[in-house]
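Worksheet: one structure, shown below.
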There are 2 protein chains.
Amino acid sequence: MTTDEKILKVAIDMIAKKGFKGATTKQIAEKAAVSEMTLFRHFPSKKKILEAAIDRYYYSFQMKELFEHKLIWNLEKDLLMIAETYHTIMKKNKNVIKIAIQEGHNVPGLLEQVNKHPRQLKELIEKYLEEMHKRNHIKDCDYELTAMNFLYMSYGLFISRSFVSGEIITSLSEEDVIKGSVQVFIDHLTPSEVNEKV
Amino acid sequence: MTTDEKILKVAIDMIAKKGFKGATTKQIAEKAAVSEMTLFRHFPSKKKILEAAIDRYYYSFQMKELFEHKLIWNLEKDLLMIAETYHTIMKKNKNVIKIAIQEGHNVPGLLEQVNKHPRQLKELIEKYLEEMHKRNHIKDCDYELTAMNFLYMSYGLFISRSFVSGEIITSLSEEDVIKGSVQVFIDHLTPSEVNEKV
DNA sequence: GGAGAGAGTTAGTGAGTACTAACAAACATA
DNA sequence: TATGTTTGTTAGTACTCACTAACTCTCTCC
């Protein structure tokens with residue numbers, strides 16, 4: 001690992017944990033096992049470290065490519081795959097999302113950046129539902145609204161467990177909650193006549 | 001408004017916005033229109049200000065009293081009432097919740113405190129669903145799981161709109177999203193035979 | 001009018017923090 | 001061996017921050 005990488009890795013972790021002000025350059029350098037001087041030789045300022053760290057550790061995905069070829073037009077399996085992929089993405093970007101919540105308004109463009117995935121995902125789910133309706137697999141409904149609610153459900157689970165010890169509220173496993181959430185939307189989307197087939 | 005109250009009000013707002021380290025005693029005093037000296041005459045330390053502010057501005061509700069007498073055993077109306085009350089509570093406690101996300105692990109007991117309402121609410125919804133099933137108004141299902149998913153949905157909406165400019169993802173109004181979320185759970189909970197009556 | 005309580009003012013302390021200057025040591029490459 | 005690059009070390013600057021001491025002002029209430 002290069003010196004740059006060592007510094008950025010420690011920085012993103014520490015800033016996510018303690019906030020921008022709370023994470024000092026001295027501590028970052030120490031934990032990265034470099035001298036503070038080296039840190040400032042690699043980055044001109046603490047602020048630039050944060051920007052570089054976000055740049056380095058925000059994993060951007062193209063939802064379209066990520067999902068489209070995986071859809072098999074089976075509501076349960078597709079929703080499950082979407083929810084699971086969503087959580088994988090969010091967990092990879094956990095640090096940046098935490099920073100976005102606490103420093104969002106001080107880092108220009110950050111909020112737009114972290115809202116990009118949800119927005120893309122919303123549109124993808126929306127289109128998916130439309131197509132599923134055309135194929136006569138689901139009822140007609142407000143697709144954007146349904147997509148948003150599916151996202152909110154996943155988002156709530158993610159935030160709760162990642163940032164506020166939400167796991168102490170229930171003993172249900174993340175996996176079970178996700179499966180349950182998919183079932184909720186299956187019931188919402190499936191026409192009642194077809195509902196019986198299970 | 002007393003001096004104490006002025007200080008605490010400004011403190012909770014500022015700390016929620018800028019973080020504990022980011023909000024300086026000088027700024028708090030200035031915005032509260034008192035001298036910094038006065039601030040330290042009223043509270044022995046900055047940390048104690050935060051604790052007093054949380055104490056003062058965390059509104060604790062007894063879910064049982066808040067809800068039970070309002071339930072009318074109509075799924076749609078009850079769920080809507082629950083969701084709306086939930087959002088009212090969360091918004092009242094918005095600052096404390098934000099602080100819990102960013103300083104949770106530095107303020108002993110804070111995470112437990114903000115998790116109390118969700119936990120109470122989970123149990124209340126759980127019992128409500130059980131009773132609704134007994135009354136033959138809804139299907140049998142995993143009530144805890146359903147309650148959690150209903151909460152996660154509300155929580156996701158709240159966090160998204162309150163802390164990360166989530167309103168830029170969709171143009172749907174909060175009210176519509178809430179109504180939509182209730183409909184999702186109605187479909188999930190209503191037996192298909194009865195589903196047709198609308 | 002006098003006393004006491006609460007607030008302002010001014011000036012300051014000591015610790016920490018981002019960031020710098022200058023020089024020496026280690027290392028790889030040619 | 002010579003050279004350039006990277007790093008460590010040490011010391012330091014300028015600033016900010018939480019918090020204090022000491023004194024004055026201004027009320028209120030008797």
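Just so we're on the same page: letters track the sequence lines, and every chain starts at 1. Since the structure is predicted, the reported quantities are computational estimates derived from the model, not experimental observations.
- Aromatic pair B/H188/B/F150: centroids not less than 6.0 angstrom apart.
- Closest contact between the side chain of B/R41 and the listed nucleotides D/dA21, D/dT9, C/dG8 involves C/dG8.
- Spacing between atom CD1 of A/I7 and atom P of D/dT6 amounts to 13 Å, rounded to whole angstrom units.
- Look at NZ on A/K6: it is 8 Å from P on D/dT7, rounded to the nearest Å.
- At C/dA7, one or more side-chain N or O atoms of B/H42 fall inside 4.0 Å of OP1 or OP2 (strictly under the cut-off).
- At whole-Å resolution of the value, CE in B/M37 and C1' in C/dA11 are 12 Å apart.
- Distance, A/E30 CD to D/dT9 C1': 15 Å, rounded to whole Å.
- Rounded to a whole Å, the NZ atom of A/K18 is 14 Å from the C1' atom of C/dT17.
- The main-chain N or O of A/A16 is found under 3.5 Å from a side-chain atom of A/Q102 such that the two form a donor-acceptor pair.
- B/M1 places its CE atom 13 Å from the P atom of C/dA7, with the value rounded to the nearest Å.
- Residue contacts for B/A29: at a heavy-atom cut-off of 4.0 Å it reaches no nucleic acid atom on any strand shown.
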What pairs of nitrogen or oxygen atoms, one from the protein and one from nucleotides 14-18 of chain D, lie under 3.5 Å apart?
unit_1, atom_1, unit_2, atom_2, d
D/dA18, OP1, B/K46, NZ, 2.6
D/dA18, OP2, B/T25, N, 2.9
D/dA18, OP2, B/T25, OG1, 2.9

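- More than 12 heavy-atom neighbours from other residues, nucleotides or ligands sit within 6.0 angstrom of CD on A/E130.
- At least one donor-acceptor pair closer than 3.5 Å links the side chain of A/K46 to the backbone N or O of A/A23.
- Using a 4.0 Å cut-off between charged nitrogen and carboxylate oxygen, A/E51 and A/K47 do not count as a salt-bridge pair.
- Residue B/T38 has a polar side-chain atom (N or O) positioned under 4.0 Å from OP1 or OP2 of C/dG8.
- Checking side-chain atoms of B/N115 against main-chain N and O of A/V164 turns up a donor-acceptor pair under 3.5 Å.
- Per the geometry, NZ belonging to B/K48 stands 16 Å off C1' belonging to D/dC19, to the nearest Å.
- In this structure, B/I49 atom CD1 and D/dC19 atom C1' are separated by 11 Å, rounded to whole Å.
- Without hydrogens or angle criteria, B/E103 side chain to B/F20 main chain gives a donor-acceptor distance under 3.5 Å.
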